[in-house]
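Here's the structure we're looking at; comments come further down.
Below, chains carry the letters A, B, ... as their sequence lines are ordered, and counting in each starts from 1.
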Protein chains: 2
Amino acid sequence: MTEDLMTIRQMCEAFDVTARTLRFYESKELLAPIRQGQKRLFTKKDRARLTLILRGKKFGFSLEEIRQLLEMYHMQDQQATQLKTTYELAQKRLAQLIAQREELDQVIQDLQDQIAWGYELMRSKNISIKSSDE
Amino acid sequence: MTEDLMTIRQMCEAFDVTARTLRFYESKELLAPIRQGQKRLFTKKDRARLTLILRGKKFGFSLEEIRQLLEMYHMQDQQATQLKTTYELAQKRLAQLIAQREELDQVIQDLQDQIAWGYELMRSKNISIKSSDE
DNA sequence: ACAAAGGTTTACGTTGACGTAAGTAAAACG
DNA sequence: CGTTTTACTTACGTCAACGTAAACCTTTGT
């Protein structure tokens with residue numbers, strides 16, 4: 001049962017990141033692996049956090065922004081004020097994300113139109129298209 | 001009719017970017033304003049491109065990636081090979097964008113769940129919530 | 001016993017995307 | 001006609017997010 005602990009190397013392989021990255025995240029207080037002597041041991045909690053970190057990164061959140069969002073996960077006993085602040089911050093983020101999705105829909109539409117246009121252009125020039133396997 | 005030309009300062013105000021940014025984009029061949037002596041004059045085409053650049057940036061495209069995508073807009077007379085390459089590149093991008101949208105939907109869902117959880121937590125602690133105007 | 005494997009800290013290097021400052025030149029205004 | 005305004009080039013600075021190298025432990029297999 002005590003074996004939900006992972007070494008740094010195992011983490012690297014599981015999440016496809018470098019050891020440097022994990023140590024860097026720790027230095028920025030995004031992760032807090034426990035220590036066995038010198039060595040880091042990453043818990044389930046660390047893995048959950050890392051998943052969120054990597055997900056956040058895909059959408060252009062800075063590490064500092066991610067750090068703030070991560071706080072929300074562990075505020076059970078914190079002060080009310082801070083909780084409320086984070087709650088409001090989360091609301092703002094949500095609004096941003098929804099706006100971002102609308103824009104993304106637009107970008108996808110634009111690109112699809114362009115592809116259709118390019119397709120016609122290619123047809124008119126008799127360029128064979130095929131899939132891509134030569 | 002020759003007045004779809006804008007100075008750098010006008011561009012800055014219209015798009016809320018700095019002059020440095022516009023010159024930087026030119027140096028990276030993302031923009032190609034015409035010159036009147038030393039001075040840059042930005043055409044409608046430049047503005048269309050800048051719109052796309054800024055839009056692309058919102059979704060984490062690097063300037064180099066954006067540059068490649070921009071090529072598609074002006075390939076009318078180019079070689080077929082290049083056209084085909086770009087066409088395929090656009091297809092890949094499209095797939096990426098759609099995947100990104102799916103992930104974004106997931107992030108939005110997660111955040112909404114968290115907000116609901118935080119809301120309950122706050123209710124249980126009798127923290128007043130209100131809108132935010134106070 | 002000892003070398004290879006895996007881990008550590010410390011610290012300088014790098015890349016992308018600009019910021020910022022210095023020093024000119026041209027143009028528009030009072 | 002002098003002086004602000006606007007713009008230009010050149011070039012060094014910056015910040016985030018790591019990469020990379022050096023120098024060092026410690027365990028583990030043979």
Between [atom2] of [N] and [atom1] of [X], the distance in whole Å:
X	N	atom1	atom2	value
Ile8(B)	dA26(C)	CD1	C1'	15 Å
Lys39(B)	dT24(C)	NZ	P	19 Å
Arg67(B)	dG16(C)	CZ	C1'	15 Å
Ile66(A)	dA16(D)	CD1	P	14 Å
Arg35(B)	dA25(C)	CZ	P	17 Å
Gln38(B)	dT5(D)	CD	P	21 Å

Given [N], is OP1 or OP2 found less than 4.0 Å from the side-chain N or O atoms of [X]?
X	N	answer
Thr7(A)	dG7(C)	yes
Arg40(A)	dT8(C)	yes
Lys57(B)	dC18(C)	yes
Arg9(B)	dA7(D)	yes

(request) Determine yes or no for a side-chain-to-main-chain donor-acceptor pair under 3.5 angstrom, with Arg49(B) supplying the side chain and Leu30(B) the backbone. (result) yes
(message) So does Arg47(A) get a backbone contact from the side chain of Thr51(A), meaning a donor-acceptor N/O pair under 3.5 Å?
(response) yes
(message) Do the side chains of Arg67(B) and Glu64(B) get close enough for a salt bridge, i.e. N-O under 4.0 angstrom?
(response) yes
(message) For Arg35(B), is there an ion pair with Glu26(B) - N to carboxylate O distance below 4.0 angstrom?
(response) yes
(request) Output the distance between atom CG (Leu22(A)) and atom CE (Met6(A)), rounded to the nearest 0.5 Å. (result) 9.5 Å
(request) Mind listing the residues from residues 13-26 of chain A sitting with a heavy atom below 4.0 Å of DNA chain D? Number order is fine. (result) Thr18(A), Arg20(A), Thr21(A), Phe24(A), Tyr25(A)
(request) Among dT8(C), dA17(C), dT9(D), find the nucleotide with the atom closest to the side chain of Leu63(B). (result) dA17(C)
(message) Give me each pair satisfying salt bridge (charged side-chain N to carboxylate O under 4.0 Å, His left out) with a member in residues 5-21 of chain A, each pair once, sequence neighbours excluded.
(response) none
(message) Looking at Glu29(B), I'd like to know if its CD atom is crowded, meaning that more than 12 non-hydrogen atoms belonging to other residues, nucleotides or ligands lie closer than 6.0 Å.
(response) no
